[in-house]
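Only one structure is covered here, and it is reproduced in the block below.
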Amino acid sequence: GLGQSVWLDDISRDLIADGELGRLIEAGVSGLTSNPAIFEKALSGSRQYDAQVAELVRQGRREPQAIFEALAMDDIRQAADMLRPTYERTQGADGYVCLEVSPDIARDTEASLAQGRRIWREVDRPNLMVKVPAT
């Protein structure tokens, strides 16, 4: 190779559940990136999230951002686990899954740092890359 990595700019529970992400990793995809628009597309285009949304609401979570984060973090954890062998084989040079801090706080450095640290703790995977959106 030429020192380049193939990353997928997409994530959805369907992609994980139907085995397509696994096939793509076997074919050489070595990283995955996400952003709020990608998750919005995933959430609106799949019934895979309905049961978890209903359960979160039953647990008292009503804030859309909190529900979104819970769904996104579950998908990110699963994808990170699938890419963990790549991460280990490359000694951390590859095999990452990205999750972005909210663009709504992009101009607030302290809030962005706090959210990024919280995401890092809650996802709890060494191959998570927390992205900070540019403005």
Side-chain angles (χ1 to χ4, degrees):
L2 300 172
Q4 298 175 336
S5 299
V6 176
W7 281 45
L8 183 64
D9 192 27
D10 193 13
I11 188 170
S12 71
R13 198 157 288 177
D14 289 333
L15 189 69
I16 295 167
D18 71 8
E20 183 63 17
L21 181 57
R23 288 188 289 279
L24 290 169
I25 292 169
E26 286 177 16
V29 167
S30 57
L32 187 90
T33 188
S34 70
N35 61 44
I38 288 170
F39 272 111
E40 179 183 6
K41 182 179 141 205
L43 294 170
S44 66
S46 174
R47 315 267 327 152
Q48 292 266 349
Y49 298 93
D50 294 354
Q52 187 179 6
V53 169
E55 179 59 28
L56 290 166
V57 170
R58 269 193 299 279
Q59 293 172 3
R61 291 201 205 176
R62 302 255 190 263
E63 174 63 38
Q65 182 65 29
I67 291 171
F68 163 78
E69 280 187 8
L71 300 173
M73 286 184 189
D74 280 354
D75 286 2
I76 292 293
R77 282 185 202 100
Q78 289 182 59
D81 290 345
M82 295 174 75
L83 281 160
R84 184 75 176 263
T86 303
Y87 173 80
E88 290 175 357
R89 185 180 70 252
T90 63
Q91 298 177 324
D94 225 335
Y96 288 90
V97 179
C98 296
L99 184 60
E100 184 175 293
V101 298
S102 174
D104 296 337
I105 57 172
R107 297 190 185 279
D108 185 337
T109 302
E110 290 307 314
S112 292
L113 287 169
Q115 187 178 67
R117 289 178 179 126
R118 182 181 55 77
I119 288 169
W120 176 259
R121 281 190 311 271
E122 290 183 27
V123 170
D124 194 28
R125 298 297 187 275
N127 55 331
L128 171 69
M129 183 182 295
V130 177
K131 293 193 310 184
V132 177
T135 58

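Note that the structure is predicted; figures quoted are calculated from it, not measured.
With hydrogens and angles ignored, the 3.5 Å screen pairs no side-chain donor or acceptor of R84 with any backbone N or O of P126. Side chain of R125 to main chain of V123: a donor-acceptor pair is present (N/O by atom type, distance under 3.5 Å, no hydrogens or angles). Side-chain atoms of Q115 come within 3.5 Å of backbone N or O of S102 as a donor-acceptor pair. A donor-acceptor pair under 3.5 Å links the side-chain atoms of S34 to the main chain of C98, judged by distance alone.
To the nearest 0.5 Å, the span separating CZ on R77 from CE on M73 amounts to 6.5 Å. With rounding to the nearest 0.5 Å, the separation of CD1 in I76 from CG in L128 is 7.0 Å. Rounding to the nearest 0.5 angstrom, the gap separating the OG atom in S30 from the CG atom in L24 is 11.5 Å. To the nearest 0.5 angstrom, D94 atom CG is 10.5 Å from N127 atom CG. With values rounded to the nearest 0.5 angstrom, E100 atom CD is found 7.5 Å from T33 atom OG1. Between atom CG of residue L83 and atom CG of residue L21 there is a gap of 6.0 Å, rounded to the nearest 0.5 Å.
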Passes side-chain contact (heavy atoms from CB on, under 4.5 Å), L99 versus V97? Steps please. CA-CA 7 Å; L99 184 60; V97 179; over 6 Å; no
The test is side-chain contact (heavy atoms from CB on, under 4.5 Å); show your working for L71 and L56 and say whether it passes. CA-CA 9 Å; L71 300 173; L56 290 166; 4.2 Å; yes
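In this structure, R107 has no salt bridge (Lys or Arg N to Asp or Glu O under 4.0 Å) partners at least two apart in sequence or on a different chain. For R62, the side chain to side chain donor-acceptor pair (under 3.5 Å) test picks out no residue, with sequence neighbours left out.
Other residues, nucleotides and ligands contribute over 12 non-hydrogen atoms within 6.0 Å of the CD atom of Q65. Annotation: K131, atom NZ; neighbour count of heavy atoms from other residues, nucleotides and ligands within 6.0 Å is above 12. The environment of CD in E40 is sparse: at most 12 heavy-atom neighbours from other residues, nucleotides or ligands sit within 6.0 Å.
Neither W7 nor L32 shares a network with the other; the hydrophobic side chains, linked directly or stepwise wherever heavy atoms of I, L, V, M, F, W or Y lie under 4.5 Å apart, form separate groups for each. Linking ILVMFWY side-chain heavy atoms closer than 4.5 Å, directly or via other members, places V6 and I25 in a single hydrophobic cluster. Under a hydrophobic clustering in which Ile, Leu, Val, Met, Phe, Trp and Tyr are joined whenever their side-chain heavy atoms come within less than 4.5 Å, directly or via other members, I119 and F68 fall into the same cluster. When hydrophobic clusters are built by joining Ile, Leu, Val, Met, Phe, Trp and Tyr residues whose side-chain heavy atoms come closer than 4.5 Å, directly or via intermediates, I16 is grouped together with V29.
In this structure, the side chains of L15 and D75 stay at 4.5 Å or more apart for every pair of heavy atoms.
Under the 4.0 Å criterion applied to side-chain N and carboxylate O atoms, R23 and E26 are not assigned as salt-bridge partners.
For the side chain to side chain donor-acceptor pair (under 3.5 Å) test with D50, the passing option among Q48, Q52, R47 is R47; the others fail.
For the 3.5 Å distance criterion, the side chains of D74 and Y49 fail to qualify, holding no donor opposite an acceptor.
Relative ring orientation between Y96 and Y87 is described as perpendicular, the plane-to-plane angle rising above 60° on a 0-90° scale split at 30° and 60°.
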